[in-house]
Amino acid sequence: MQLNQRSWNLVNHHRFAWHELQVREHSLDNGTSVLDFGTKHVGTLSGGQLLAKICMADLAEICWTTRSIAEWELPAVQVTTDSPLLACMAAQYAGWPVQSNDYYAMGSGPARLLRGQEPLLLEYDLRDSGHQAVLVLESAKIPKTQLANEIAAECGIAPDQLTLCIARTSSFPGTVQIVARCIETTLHKLFELKFPLQAIVSATGNAPLPPLGADDLQAIGRTNDAILYGAYVTLWVDCADSEIEKLCPSLPSNSSSDFGRPFLEIFESYDRDFYRVDKALFSPACVLINNLKSGRMFRFGEIHSGILRKSFGLT
């Protein structure tokens, strides 16, 4: 599929603009290229837009719009793709837990295809070829050379052919690239519900861009809430209506027993253990599905402005 090549090309096309985007490039001892979009600095909105596109292997348009939350008009991230399975599941999904003794981050981007160990990738036979890999890490730390060597080895490439793009959650790039996952979150929930993802033809979605968190913990809460309580996703599918109708009670975030509080409150109640949070919560607030086969439109869920106002500190 050459998705790593697409992300690699996108990175190289923007090298002339690193200064304006506030991207700091480092080279590790093994030749791995590290692009710091925002670990110790806040970065830029445009850097976040680029980071989100790198995550999606340049298979999506990502632009700015606005959303009304209560009486507030907030900026929002709009994502559109005509290759939702490839852009969101083969590339963007954060399915690789990257860790060593002193480092942990969730890895997303097309490098996951070269590693090829995730059940979703195996089920849909999603794979890539080539000698280059691009991985996006949500972290406030630059990985060390040994970890880069291990990542390259799992991808089956030389370390000097690896590019790591990094941003902490409370930076502009970190916040934007997470909020841009509204379609990805929908597709992953559909995967869990056994819906055939290849039936999804096109997708668009938007979610409000929250105020930057004062720290990464607050930013984790706000970016999750932007999707759980504020994301609005539309899918165009080609399948039987019965495949859609049986999703009704389970697709949006309000199907979860944990639904109804800001994510940070939920997270703290589980001692900050993501794996104890009800998996059904990780869904968009509202999903519209247009069935191309029948011409019918289905809607599940709704936007919850009150929770967003509390989470975002809109006073």
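When a residue number appears, it is its place in the shown sequence, counting from 1.
By the 6.0 Å contact criterion, CG on D273 is enclosed, its count of non-hydrogen atoms from other residues, nucleotides or ligands being greater than 12. The number of heavy-atom neighbours closer than 6.0 Å to NE2 of H26, taken from other residues, nucleotides and ligands shown, is above 12. The 12-atom threshold is not exceeded at CG of D29, counting heavy atoms of other residues, nucleotides or ligands nearer than 6.0 Å. Within 6.0 Å of the CZ atom in R127, the count of heavy atoms belonging to other residues, nucleotides or ligands does not exceed 12. Heavy atoms of other residues, nucleotides or ligands lying less than 6.0 angstrom from CD of E61 number 12 at most. With a 6.0 Å radius and a threshold of 12 heavy atoms from other residues, nucleotides or ligands, R15 has its CZ atom above the threshold.
You'll find the side chain of L217 reaches within 4.5 Å of the side chain of E268, heavy atoms only. Here the side chains of S100 and Q146 are not in contact, with every heavy-atom distance at 4.5 Å or above. With contacts defined as side-chain heavy-atom distances shorter than 4.5 Å, the pair L135/V98 qualifies. Between F195 and I289, every side-chain heavy-atom pair lies at or beyond the 4.5 Å cut-off. Inter-residue side-chain proximity for C182 and N206 is flagged as unmet; no heavy-atom pair is nearer than 4.5 Å. Contact check for Q78 versus R67: no side-chain heavy atoms found under the 4.5 Å cut-off. Counting only heavy atoms from C-beta outward, the side chains of V77 and W64 approach each other to under 4.5 Å. N9 has its side chain out of reach of D58: every pair of non-hydrogen atoms, C-beta onward, lies at least 4.5 Å apart.
Under the side-chain contact (heavy atoms from CB on, under 4.5 Å) criterion, T185 pairs with R181, I227, P284, not counting sequence neighbours.
Using modelled atom types, no side-chain atom of T234 and backbone atom of T204 make a donor-acceptor pair closer than 3.5 Å. Formation of a donor-acceptor pair under 3.5 Å by the R112 side chain with backbone atoms of M89 is found in this model. Although no hydrogens or angles enter the test, the distance criterion places no donor-acceptor pair under 3.5 Å between the side chain of R309 and the main chain of T315. Counting only distance, with no hydrogens or angles, the side chain of S171 and the backbone of R168 share a donor-acceptor pair below 3.5 Å. With hydrogens and angles ignored, the 3.5 Å screen pairs a side-chain donor or acceptor of D278 with a backbone N or O of S257. Side chain of K279 to backbone of E192: no donor-acceptor contact under 3.5 angstrom is found. Distance alone, capped at 3.5 Å, is enough to place a donor-acceptor pair between the D216 side chain and the S170 backbone. A distance-only check finds no donor-acceptor pair linking the side chain of T175 to the backbone of F172 [under 3.5 Å]. Remark: the backbone N or O of S202 is not paired with any side-chain donor or acceptor of T81 at under 3.5 angstrom. Looking at D128, its side chain does come within 3.5 Å of a backbone N or O of N4 through a donor-acceptor pair.
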Evaluate the side-chain hydrogen bond (donor to acceptor under 3.5 Å, both in side chains) criterion for residues N30 and T32: first the C-alpha distance (whole Å), next the side-chain angles of each, then the deciding distance (0.1 Å), finally the verdict.
-> CA-CA 6 Å; N30 61 359; T32 293; 3.1 Å; yes
Can K189 and F282 be said to form a side-chain contact (heavy atoms from CB on, under 4.5 Å), step by step?
-> CA-CA 7 Å; K189 182 65 172 289; F282 297 105; over 6 Å; no
Criterion side-chain hydrogen bond (donor to acceptor under 3.5 Å, both in side chains) on T66 and E73, from CA distance to verdict = CA-CA 6 Å; T66 58; E73 195 75 11; 3.1 Å; yes
Could you walk me through whether H188 and Y93 pass the ring pair (Phe, Tyr, Trp, His ring centres under 6.0 Å) check?
-> CA-CA 8 Å; H188 190 261; Y93 178 61; 4.5 Å; yes
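Using the six-membered ring where Trp is involved, W18 and F37 have ring planes that are perpendicular, over 60° apart on the 30 and 60° scheme.
Note on E245 versus R296: salt bridge recorded, some NZ/NE/NH1/NH2 to OD/OE distance being below 4.0 Å.
Ring centroids of F259 and Y229 are separated by less than 6.0 Å, placing the two rings close together.
In summary, of the residues considered (L59, V11, I54, V134), a side chain to side chain contact (heavy atoms under 4.5 Å, CB included) with R6 occurs for L59 alone.
Taking OG from S283 and CG from L193, the interatomic distance works out to 7.5 Å, rounded to the nearest 0.5 Å.
Neither side chain, Q132 nor T163, offers a donor N or O lying under 3.5 Å from an acceptor on the other.
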